[in-house]
Every structure is written in C-alpha cells, then in structure tokens.
Amino acid sequence: MPVVTLPDGSQRRFDHPVTVDEVAAAIGPGLRKAALAGRVNGKLVDTSHVIADDAAFAVVTDRDPEGLDIIRHSTAHLLAQAVKELFPDAQVTIGPVIEDGFYYDFAYQRPFTPEDLAAIEAKMAELARADQKVTRRVMARDEAVKYFKGLGEFYKAEIIAAIPGKEEISLYGQGNWVDLCRGPHVPSTGKLKAFKLTKVAGAYWRGDSRNQMLQRIYGTAWPDKQQLEEHLKRLEEAEKRDHRRIGKDLDLFHLQEEAPGAVFWHPRGWTVFQSLIGYMRERQAAAGYEEVSAPELMDAELWRQSGHMEKFGENMYLTKTPDERLYAIKPMNCPGHVQIFKHGLRSYRELPVRFAEFGKVHRYEPSGALHGLMRVRAFTQDDGHVFVTEDQITSESVAITRLILDIYRDFGFEDVRIKYADRPPKRVGNDAIWDRAEAALKAASSAAGIEYTLNKGEGAFYGPKLEFVLRDAIGRDWQCGTLQVDLNMPERLGAYYIDEHSAKRTPVMLHRAMFGSLERFLAILLEHHAGKLPAWLSPVQAVVIGITERQDEYVLRVTETLKNQGLRVESDLRNEKVGFKIREHTLRRVPYLLVAGDKEVAANLLSVRTRSGKDLGTTSPETFAQGLRVELNSRGRKVWEG
RNA sequence: GCCGGCUUAGCUCAGUGGUAGAGCAGCGGUUUUGUAAACCGUUGGUCGGGAGUUCAAAUCUCUCAGCCGGCACCA
C-alpha cells in the first residue's frame, strides 16, 4: 500500500491506491482546490493519476513554473476546442507552450480574421465557465491513428505515426472534444481564468517553407487576471522602447520606400553612430588592429572562389557594368581583407596580422525579414580578421574573447552568454579541416575560461563560431559578437605566408565582430536604455537654457565654451517658458539641462537638471564640464552626479 | 519569399459611396517668462502608386509598392 513522501519530508500512508487529487485532499482542502497536477517521483502527472506504490510526491499549483506551463498548455487545448466548435472543418495540429503563452496551429480553408479571434476567445471563456472535466485515456497506436483519421484529423494521425513505437499514446478529452497529447493537463477547464488571444499568423507545417501554410493563433495565459494585466502592461512598456519609435521621436534616422532596408541617418543619429565607431577605433587600435578599407564592388569571380556566390548568391546584389563585367556588392568583408593580406609576401614573423574595417555590406534580405534597424539590407559591421598560425589560434582567441566582454561592460551589459556553434549541414571544406577548427575553438574557449552552450549545426559555412549573446534591461537576449575559426577561406582565396623553413603555409583566419551590425547594436542600445543613451553616446549631451532674453549673451557664451571643449552642447534661446523648454529637451532625452536666469548670470553659474528630473543644484560651467568629461571617459560605467 | 493586417497634413489619428477633418508641429503676432505644454491668428493633403466599378470613390474591386505582426531565412 502506497506511502507518499511530501516535499517537506513528511509521509502519508494510504491503505489503497490513491489519485493525486485524493492525496492533495488528504493534505488540505485548499491545496486540493489549487492542485493543477502532481509530481510523482519527479514526473508530472494529472490529478487523476493513480499512485499504487510508494512515491515521492508534490502537488503542482499555479505557483510552480510547471503549473503555469500546464495552464498555458491547457489553454491551448481550450483554444483548439473553441475553434473546432466554431469551425468544425478546421483540422488541429500542434499547440505548444511558448514564452509567456502558447499557440495552436490549424489547417483551415481560409485564414482566421481578427473578428474570428474575438469570437473564438468568447467561446473559450464560455467553455472555461462550463468547467468541463478533463479526462485522460490511453490508446493503442494503430487505433489512435485510425481514430483521428476517422475524425478527419489527418495532421494528428501523421503526428501519431511519427511517435516512437514504445511511447504511450494518450488522449485528452474535455466536453465532446478529444486531442492527442502527452499532458498533463488541468483537471477541469474552470482552472483557466485569465487568457487572451493575441494574434493570428501563417506558419508552415513542421516549420518547413516547402510545406502547406497553417493558421497559427497566439495567446497568453496566466494564473489570474491581475498577472494577465501586468503582462499586457509589460508589452506596452516594451513597445515604448521600440527603437523605430524612439528613432522618430529623437530625429535619429528614417527609412523610406525607395530604399527598403537602408537607413537615412539624420545628424543626431549619425552622431551616435560615429560615437560608436570612434569608441571601437580606440579599443581596436589598443588591441593591435590596423584599420583597412576594401572595395564595395569586386568581380563576381572572387565571390565564386570564396564560396559566397554558391551559398548566398540569391542574397547578393549584382551589377553589370557597360564593359559587360559582373560585379558583386560586398555582403561580407573577409574576401577583401584576404586580398590585402595577400598583397606582398607575408612572413610568419608578421603574424598575427589584425585587420579591422567598419565595412558597409549589402545583403538582399527577404522582404519579410526587414525590421527597423534590427534587420536591414545595408549595414555596417565592425568587422575584423586576424591572420594567425595554427599555434596562435588559442592565444588570439582568448584575447578577442576578453576584448569583447570588456567592451560590453563599457555599454553596461554585464550579463553575457556564449554559444558555441559547430559545423552546419551546408559547408565548405572537408571533415578533417572541420575537426581541427572545432577542436581549436573549443580549446581556446576553455583557455579563456568561458562557459558556453552548444548551438548545434549553426556555424558559418566556412567555420565554427562562438556567439556572444547579451541580455538587455528588460530581459531580452541579443546575439551580437562573434568569433569564428576559419581554415577554409584563406586556402580558397590563395592566401599564404612563409614559415620559418621558407615554406608556404596557409594562415588561419579568425573572423570577429563585437557589435556585429552597428545599425542593430544602436537599435539594441536605444531599446536597452529606452532612448536615454548614456551621455557619451547622446547626440546632444547638454542644452543651455535661458529664462528670458536677458540671459541670451551668457547662454551663448557658456555654450561656446563647452563646445570648444569637445562637449556636444546646444543652446535654446527660443521665446518660450522654461517649463516648455525643459519638457521638450527631457522628451528628447538630453542628459543635462543647464538653466541660466539672472541669478546664475550674476554669479557665473548654471542650474543643472538631469533628464530624469533630478535637480543637481547650481555649479560653474567649468565644474560642470569637468564632471561631464569624467563621466564621458568612464563610458557607461559611471555618471556625473554634480 | 509565405500568411494576415495596415498606408489620410511633418507627427499622432478621426472620417463606411455625396464639397477631406482634429490635436500637436510649422509660420505670423502678442507675451519676457524660474525647472515637463502661455495666448491669438494662420499655412498645409493628386487620402501610398496604378487600373477598374459607379452619375459620384479616402470609402467598393483588382494590382503594385512599402510598413506592421508572425512563419521561413539570417554569411
């Protein structure tokens, strides 16, 4: 007879097999009501699950992460049930839990409309109110296939057919609707109290663009209404951080129809962009890089040799000149850098050779992929290529890794994860070369003392890579930096150096980027800071504001003085009230507002206010400049506090 | 590229077949102002492009483009 051991170590003895529900009831009526599922010997099960033998036991409620997942999963089922009631011809496919919610894919003869969505959501609420019991039963595989085929659910039948033979096939029913599912599920639909359908979209069956397009409905679900509201609020806040919105508000850049996926940088945006470049120049020079610049346009033949034409030809811009020569606009900088390396004889004594370029590349991205500055067709990489001997891979990789991580700290990104991506299915070079490259990159990673997760099959076509992923202020991950070990490209493009025995040797090429795309990195910064860029990146670092025209001369003089010290300062002499000017510059996220009235002019002072509304008191222009300079020099690590 | 939605003044948005609107911005004045919006007046639109239906189209249909949300892709 079963003895169940609770998480606190206490035990309950039963004289007959019991269900999870019964055990929960034995512990307390409140817990029984809150029970969504059980955990028996580590395995999640329904509340109807029968425990016959001794077991470790826990009740799963909506306070457990697993409980939340179960709510979401069951809400996906509720969605499918509602769709089947309203659109009996629709076929169900899969409905997994995703971050903050769930989706369900349906095959239907027409796309669902926003009006359908409202109707479906209403039907879901109705079904939840009915508090239908959710029941589980097991069916033999062949029988299950037959069962779903009989229902006209051919996608389900296909899914079952693909389930490994030894796995149990379980069906879940609620009301008159049955779905194949691994479970577990909530005991009854009444447990689903707070959900909302968010969007409809097309999605390919089995994620393959050669397959039929299904209708995907997304939704979110939470334990209670309040948490749902909070989630919707968070989405709203994230929307306010949208770099496209901020870019417009702050007059940084725009995009227009004639140049899809290409950025028109306005003076303020370009100032930020140039600040990024200036910073990186400094860091790279200190790290032993030499800046180069390779042509934007090179003969297509070169791109054939590199392998780009074969793999990415469809995404390259080509142009035929009047002399009938075919040129490609560079989608990457590496072949150009190899040409510079190749020019002249290189000795092993010169290695490592470190080239860096703020190279503007063009890639014809699929139209549906474009997204503000995040995904564009013309962008600038802080691209570097280091030519090394095989012996130098480790030390050089360690140096690159350290540099990347240190640079991220200057931008206030402390939380950085690293992924290791190995050989992709479509690649150049033989397996022996890949074995060496992968081993070298792994060795370098452990020498650098970094931990990584595996990103299987996601390496570049010419070599494995480390991907540096940073986490922003609202918890989103962005892959930016990359380090790739390439034993293929130098050989394909005929690069070599002379070793200590006067023999020709092919160098190894390390590809690396810190920002990745400057356009995208800038977008990430805008969203991370919600537009409040640190002063060293702000297009305007301070505005000097006069209260009446009596201060005009002083305001101009102070502005001039600060500008002469290399600070980005403007004056605002407009015929407006101070409150109005403060409001405008605050909305433009200017870090410091320097107000001068008669009192300040008389004492040669400025009244300093930050964009977050903090009053830093009065100070002389000299002291302010000094403090700001300290802040600028410490990058994102420190701010001036008056 | 695929599915859906959207596109009206510089910006944010009303306007469901019958003479194109509002707020903000801009411009011209008044006001000389103390830390997130002073007041008065006023300019501004081939309603994304093209084609069609209709006596009549911002509004209905087709088509192209761009954008937005997903999917697929991402050297």
Side-chain angles (χ1 to χ4, degrees), chain A residues 103 105 110-114 116-117 198-218 242 244-245 248-249 251 254-261 303 306-316 330-335 361 363-372 374-377 381 383 424 426-428 458-463 465 479 482 484 486 489 511 513 516-517 520 545-552 574-588 593-600 607-615:
Chain A
Y103 67 77
D105 285 347
R110 66 165 176 84
F112 293 117
T113 64
D116 292 336
L117 218 59
T198 50
K199 53 200 167 198
V200 267
Y204 299 108
W205 167 236
R206 291 183 185 269
D208 190 326
S209 58
R210 287 166 301 191
N211 289 343
Q212 187 195 337
M213 184 155 275
L214 306 173
Q215 302 305 320
R216 176 170 297 179
I217 298 177
Y218 285 90
D242 192 310
R244 294 166 296 193
R245 172 84 260 140
K248 202 178 267 183
D249 288 348
D251 191 21
H254 84 268
L255 297 145
Q256 70 184 46
E257 242 182 277
E258 289 79 359
W303 299 100
S306 69
H308 287 92
M309 277 295 257
E310 196 193 340
K311 183 127 204 304
F312 291 106
E314 303 248 301
N315 301 301
M316 285 168 65
K330 68 176 176 184
M332 282 188 83
N333 300 298
C334 28
V361 296
R363 299 176 180 177
Y364 183 75
E365 302 285 3
S367 57
L370 301 179
H371 180 95
M374 296 289 190
R375 190 85 181 268
V376 286
R377 285 178 174 163
Q381 293 178 313
D383 207 359
K426 270 179 86 181
R427 57 180 181 262
V428 295
E458 295 293 319
F461 73 87
Y462 45 74
K465 61 183 179 186
Q479 188 197 310
T482 179
Q484 303 159 9
D486 181 0
M489 197 81 72
H511 304 239
S517 147
R520 179 162 170 274
I545 298 168
I547 290 174
T548 73
E549 51 191 27
R550 284 196 301 280
Q551 296 87 34
D552 281 6
R574 288 175 306 168
N575 176 16
E576 297 288 353
K577 298 181 102 158
V578 217
F580 180 85
K581 296 185 187 178
I582 296 277
R583 176 183 152 84
E584 255 191 12
H585 298 300
T586 301
L587 288 174
R588 288 218 150 180
L593 306 182
L594 313 173
V595 179
D598 287 338
K599 281 180 281 183
E600 285 78 10
S607 165
V608 185
R609 179 192 161 108
T610 70
R611 61 187 158 196
S612 38
K614 203 167 153 201
D615 180 3

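Chain A is the first sequence line, chain B the second, and so forth, proteins listed ahead of strands; every chain is numbered from 1.
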Shorter than 3.5 Å, N or O on both sides, protein versus nucleotides 7-12 of chain B: list them out with atom names.
unit_1, atom_1, unit_2, atom_2, d
B/U12, OP1, A/Lys248, NZ, 3.1

Quantified in whole Å, what is the C1' atom distance between nucleotide B/A58 and nucleotide B/U16? 10 Å

Does A/Asp249 have any side-chain hydrogen bond (donor to acceptor under 3.5 Å, both in side chains) partners at least two apart in sequence or in another chain, and if so, which? A/Arg245

So, the side chain of A/Glu600 versus the backbone of A/Gly597: is there a donor-acceptor pair under 3.5 Å, distance only? yes

Quick one: what's the B/S/- string for nucleotides 40-45 of chain B, heavy-atom cutoff under 4.0 Å, read 5' to 3'? ------

Atom CZ of A/Arg377 and atom C1' of B/G66: how far apart are they, to the nearest Å? 11 Å

Roughly how far apart are A/Arg583 CZ and A/His585 NE2, rounded to 0.5 Å? 12.5 Å

If I take atom CG from residue A/Leu370 and atom CZ from residue A/Arg375, how far apart are they, to the nearest 0.5 angstrom? 8.0 Å

When rounded to whole Å, the CZ to P distance for the pair A/Arg609 and B/G34 reads 14 Å

Between A/Thr113 and A/Ile547, just flag the one whose closest nucleotide in RNA chain B comes earlier from the 5' side. A/Thr113

Base versus backbone protein contacts along nucleotides 68-75 of chain B [heavy-atom cut-off under 4.0 Å; B, S, -]: SBBBBBBB

In whole angstrom, give the distance that lies between atom NZ of A/Lys577 and atom P of B/A38. 6 Å

Output one letter per nucleotide in nucleotides 22-30 of chain B: B when a protein non-hydrogen atom lies under 4.0 Å from the base, S when only the sugar-phosphate is that close, - when neither is. --------B

Just jot down the side-chain hydrogen bond (donor to acceptor under 3.5 Å, both in side chains) partners of A/Asn315, sequence neighbours excluded, or say none. none

Among residues at least two apart in sequence or on other chains, which ones pass ring pair (Phe, Tyr, Trp, His ring centres under 6.0 Å) with A/Phe461? A/His308, A/Phe312

Closer than 4.0 angstrom, basic N to acidic O: yes or no for A/Arg110 and A/Asp116? yes

Sequence neighbours excluded, the answer for ring pair (Phe, Tyr, Trp, His ring centres under 6.0 Å) partners of A/His254 is A/Phe264, A/His266

Read 5' to 3' with Watson-Crick or G-U pairs under 3.5 Å, [ ] for crossing pairs and | for partners on another strand, RNA chain B gives (((((((..((((....[..)))).(((((.......))))).....(((((..]....))))))))))))....

Atom CZ in A/Arg377, atom OG in A/Ser367: separation rounded to 0.5 Å? 6.0 Å

Separation of B/G66 P from A/Glu258 CD (nearest whole Å): 10 Å

Does A/Leu587 reach a base, just sugar-phosphate, or nothing at all? Heavy atoms under 4.0 Å. base

Residues two or more places apart in sequence or in another chain: which of them pass side-chain hydrogen bond (donor to acceptor under 3.5 Å, both in side chains) with A/Arg244? A/Asp242

I'd like to check the side-chain hydrogen bond (donor to acceptor under 3.5 Å, both in side chains) partners of A/His511; sequence neighbours left out, ordered by chain and number. A/His385, A/Asp486

Would you indicate, yes or no, if B/U35 has its OP1 or OP2 atom less than 4.0 angstrom from a side-chain nitrogen or oxygen of A/Ser607? no

Work out how far the P atom of B/G15 is from that of B/U59, and round it to whole angstrom. 15 Å

Looking only at B/A38, B/G4, B/U35, the nucleotide nearest the A/Val595 side chain is B/U35

The side-chain contact (heavy atoms from CB on, under 4.5 Å) partners of A/Arg210 (sequence neighbours excluded) come to A/Asp208

On a plain distance test, is the side chain of A/Glu600 in donor-acceptor contact with the base of B/G34 below 3.5 Å? yes

